[in-house]
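Keep in mind it's a predicted model, so treat the numbers as computed, not measured. A, B, ... follow the sequence lines: proteins, then strands. Residue 1 opens every chain.
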Protein chains: 2
Amino acid sequence: MGPSVKDVAALAQVSVGTVSNVLNRPEQVTPEKRKRVQAAIAQLGFVRNESARSLRSGSSRSLGMLVLDVRNPFFTDVALGAEDVAEEHKHSFILANSSEDARREQAYLDLFEEQRVQGILITPVGDVLQRLEAMQSRGIPSVLVDRLAGSENFCSVSVDDVAGGRAAIEHLIAGGAERPAFVGGPFTLQQVADRHAGALAAAAAAGVQLQVFETPNLKFERGRHVGDLIGDLRQSRRPDAVFAANDQLALGLLQSFTANGIRVPDDVALVGFDDIDFATQSSIPLSSIGQPRQLIGERAARLLFDEIENPHGHEHQQIVFTPELVVRESSRRPG
Amino acid sequence: MGPSVKDVAALAQVSVGTVSNVLNRPEQVTPEKRKRVQAAIAQLGFVRNESARSLRSGSSRSLGMLVLDVRNPFFTDVALGAEDVAEEHKHSFILANSSEDARREQAYLDLFEEQRVQGILITPVGDVLQRLEAMQSRGIPSVLVDRLAGSENFCSVSVDDVAGGRAAIEHLIAGGAERPAFVGGPFTLQQVADRHAGALAAAAAAGVQLQVFETPNLKFERGRHVGDLIGDLRQSRRPDAVFAANDQLALGLLQSFTANGIRVPDDVALVGFDDIDFATQSSIPLSSIGQPRQLIGERAARLLFDEIENPHGHEHQQIVFTPELVVRESSRRPG
DNA sequence: GTTCACTATTGAATCGATTCATACAAGGGA
DNA sequence: TCCCTTGTATGAATCGATTCAATAGTGAAC
């Protein structure tokens with residue numbers, strides 16, 4: 001097809017070895033020949049064939065990242081952070097989307113293996129740890145993202161959801177809440193269970209009862225639904241503060257409250273989780289527990305490169321970020 | 001490193017050619033040998049080396065997609081649609097992000113060339129059409145996404161922004177607006193210019209004056225800023241309906257109006273553009289002009305595969321979708 | 001029994017960049 | 001002058017899957 005190193009070599013009247021040197025170790029080549037080769041490359045429109053390079057070297061200069069859901073801004077932000085690091089290391093970055101489907105997850109892992117990626121960043125869906133260990137032993141390491149590695153065999157970067165839940169409820173109680181509530185589910189999701197556990201602990205420490213509204217998922221509609229339920233409660237039994245397990249839910253609650261004339265934060269204070277962009281942008285800006293999303297991706301990628309570049313000296317680490325409360329209108333109270 | 005076809009062939013006691021046949025044309029191999037080879041593959045944990053395959057065949061089974069901004073839900077949705085089609089064709093899908101930076105765009109095109117992707121889906125930032133034509137002539141076709149191909153040399157899939165702008169203003173006027181306004185900018189962005197042109201045409205057709213508030217970008221903060229300006233106007237000069245060039249701006253306007261006690265839609269009706277998820281989810285659900293995002297990606301990918309599979313018979317097409325108005329609370333009026 | 005048609009299998013050649021042992025040249029020191 | 005070092009350049013061998021011309025094997029037809 002296109003021109004190859006041979007063609008370049010012929011035109012520049014040097015050997016293929018010299019062309020390769022110009023491409024990879026230009027300082028080892030006489031300026032004069034270097035110029036000749038570069039001129040030939042430009043003239044022919046030569047583009048290095050990455051397949052040939054990686055066939056010879058045994059691995060492609062690329063990272064694979066497999067996320068649960070590209071439509072979720074959390075993951076795109078994490079990916080952005082990781083991509084920057086990959087670029088620093090002159091690696092290409094393949095972003096794939098398992099859509100929370102274990103079959104797709106397997107298919108993409110197959111693909112990554114065939115492509116001989118140098119390493120993988122993954123938010124696991126199915127039961128893939130064994131497979132990841134096998135791949136690791138074949139020289140393809142991985143780092144778990146947004147999930148604490150149960151095993152000692154991986155690095156992971158995650159967030160302390162218990163601390164986040166605790167901070168939310170402490171903040172609401174400090175603002176005067178006497179009947180706080182938690183909204184979220186299902187509790188089979190580790191994140192939800194942890195956030196709930198933190199909330200419960202904070203309430204208990206303050207000697208306050210925590211109402212719980214369990215939801216089947218974390219979507220907007222569920223939030224609106226629970227908001228309607230709360231709106232129907234007698235004033236005396238109605239929570240005066242709500243911590244929602246994520247911002248989508250919180251926005252649903254907010255929409256319902258607004259529609260039903262329940263004032264936020266005066267009647268009900270509200271805190272979400274994730275601090276997505278739209279938390280700032282809702283008509284009443286939403287307080288939320290923020291996670292350092294880009295930083296999560298960045299640290300994960302750095303850990304991965306550490307393992308890639310130094311497979312034996314490398315020690316697995318579990319990085320756990322503590323999320324931070326961002327206070328906005330929805331929970332700001334005079335008291 | 002890992003086992004190769006040779007190792008598999010040795011273990012299964014067949015030739016490498018037969019192993020290759022099992023992998024690529026299993027029906028041409030005797031069931032007995034096929035089983036032996038498959039057993040050997042399983043036993044050795046053989047994984048096909050994609051680099052070797054594509055070196056031999058001259059191209060990798062993959063598509064590249066280069067978007068303006070992965071953080072924008074519009075593009076992730078388009079990407080999702082395209083990815084599905086790529087998966088159908090058993091191609092892998094490399095999603096890259098130019099972040100509206102012409103230098104990054106060039107770098108990723110370099111990468112795609114080196115990887116010998118079979119085709120490219122791109123939302124161009126800089127002045128890349130010439131380069132894309134050159135790549136096309138070297139056998140790597142591309143399809144322009146969200147941008148009408150100026151030249152006849154490409155397929156493109158885009159949206160009729162003029163029609164969208166027209167629909168927005170027609171709807172507002174039909175709802176009783178007498179002093180409609182357009183908010184958006186910069187007009188150097190084709191999309192913005194088109195939406196504005198449509199709005200202007202509709203207003204003229206109805207014999208109504210259109211106020212214009214030009215903004216330096218399409219971000220939330222700008223919307224809030226213009227919202228504050230509008231709030232400061234005397235009642236008699238204040239627009240009674242606003243069409244914002246995208247939903248981010250519209251949400252900014254909405255937040256400002258809410259904060260300043262301007263009722264939506266009673267005092268000011270509001271329509272955005274893009275119909276992002278959060279349009280439904282704001283406290284007052286936002287009317288918006290919706291684009292078939294996944295479908296855009298899907299059609300673009302199909303055009304690309306048509307050109308890949310049939311480079312000579314292929315005829316370039318410009319697909320233009322007409323966007324649709326979705327009416328919600330923010331512009332619903334008794335009249 | 002010979003020829004023809006057809007299928008299943010083989011293995012050397014191939015893709016293109018990189019590597020590395022080897023060769024060569026130029027200069028410095030003795 | 002000879003030897004050694006240092007700096008460059010060379011090109012055959014290599015990575016692993018695929019291809020394809022050649023060959024072996026099978027059975028049908030005459």
- Message: Looking at Arg53(B) and dT18(D), is any side-chain donor or acceptor paired with a base atom of the opposite kind under 3.5 Å?
- Response: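 Donor-acceptor pair under 3.5 Å: no.
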Between atom [atom1] in [X] and atom [atom2] in [N], what is the gap in whole Å?
X: Glu114(B); N: dG16(C); atom1: CD; atom2: C1'; value: 13 Å
X: Gln13(A); N: dA9(D); atom1: CD; atom2: C1'; value: 15 Å
X: Glu50(A); N: dA17(C); atom1: CD; atom2: C1'; value: 10 Å
X: Arg36(A); N: dT10(D); atom1: CZ; atom2: P; value: 8 Å
X: Ile41(A); N: dG16(C); atom1: CD1; atom2: P; value: 16 Å
X: Asn21(A); N: dT10(D); atom1: CG; atom2: C1'; value: 10 Å
X: Leu55(B); N: dA17(C); atom1: CG; atom2: C1'; value: 9 Å
X: Arg34(B); N: dT7(C); atom1: CZ; atom2: C1'; value: 14 Å

- Query: Does His312(A) have its ring centroid less than 6.0 Å away from the ring centroid of His314(A)?
  - Reply: no
- Task: Decide whether Gln317(B) and Asp306(B) meet the rule of one side-chain donor and one side-chain acceptor closer than 3.5 Å.
- Result: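 Distance-only check fails for Gln317(B) and Asp306(B).
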Scan [X] against the nucleic acid and name what it touches under 4.0 Å (heavy atoms): base, sugar-phosphate only, or nothing.
X: Thr30(A); answer: sugar-phosphate
X: Ser20(A); answer: base
X: Arg116(A); answer: nothing
X: Val29(A); answer: sugar-phosphate

- Does atom CD of Glu27(B) have more than 12 heavy-atom neighbours, drawn from other residues, nucleotides or ligands, at distances under 6.0 Å? yes
- Message: Heavy-atom count check: over 12 atoms from other residues, nucleotides or ligands less than 6.0 Å from Asp127(B) CG?
- Response: no
Tell me whether the side-chain N/O atoms of [X] come closer than 4.0 Å to OP1 or OP2 in [N].
X: Ser15(B); N: dT10(C); result: yes
X: Lys33(B); N: dT9(C); result: yes
X: Asn24(A); N: dT18(C); result: yes

For the side chain of [X], starting at C-beta, report the closest nucleotide among [options].
X: Arg56(A); options: dT9(C), dG11(D), dC15(D); result: dC15(D)
X: Val16(B); options: dA17(D), dG11(C), dA9(D); result: dG11(C)
X: Val14(A); options: dT18(D), dT10(C), dT10(D); result: dT10(D)
X: Asn49(A); options: dT10(C), dA13(C), dA17(C); result: dA17(C)

- Task: Compare all side-chain heavy atoms of Phe93(A) with those of Met65(A) and state whether any distance is below 4.5 angstrom.
- Result: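 Sidechains of Met65(A) and Phe93(A): in contact.
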- Query: Which of parallel (below 30°), tilted (30 to 60°) and perpendicular (above 60°) describes Phe112(A) and Tyr108(A)?
  - Reply: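 Judged by the thresholds at 30° and 60°, the geometry between Phe112(A) and Tyr108(A) is tilted.
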- Item | 5'-most by nearest nucleotide on DNA chain D - Ser51(B) or Arg25(B) | Ser51(B)
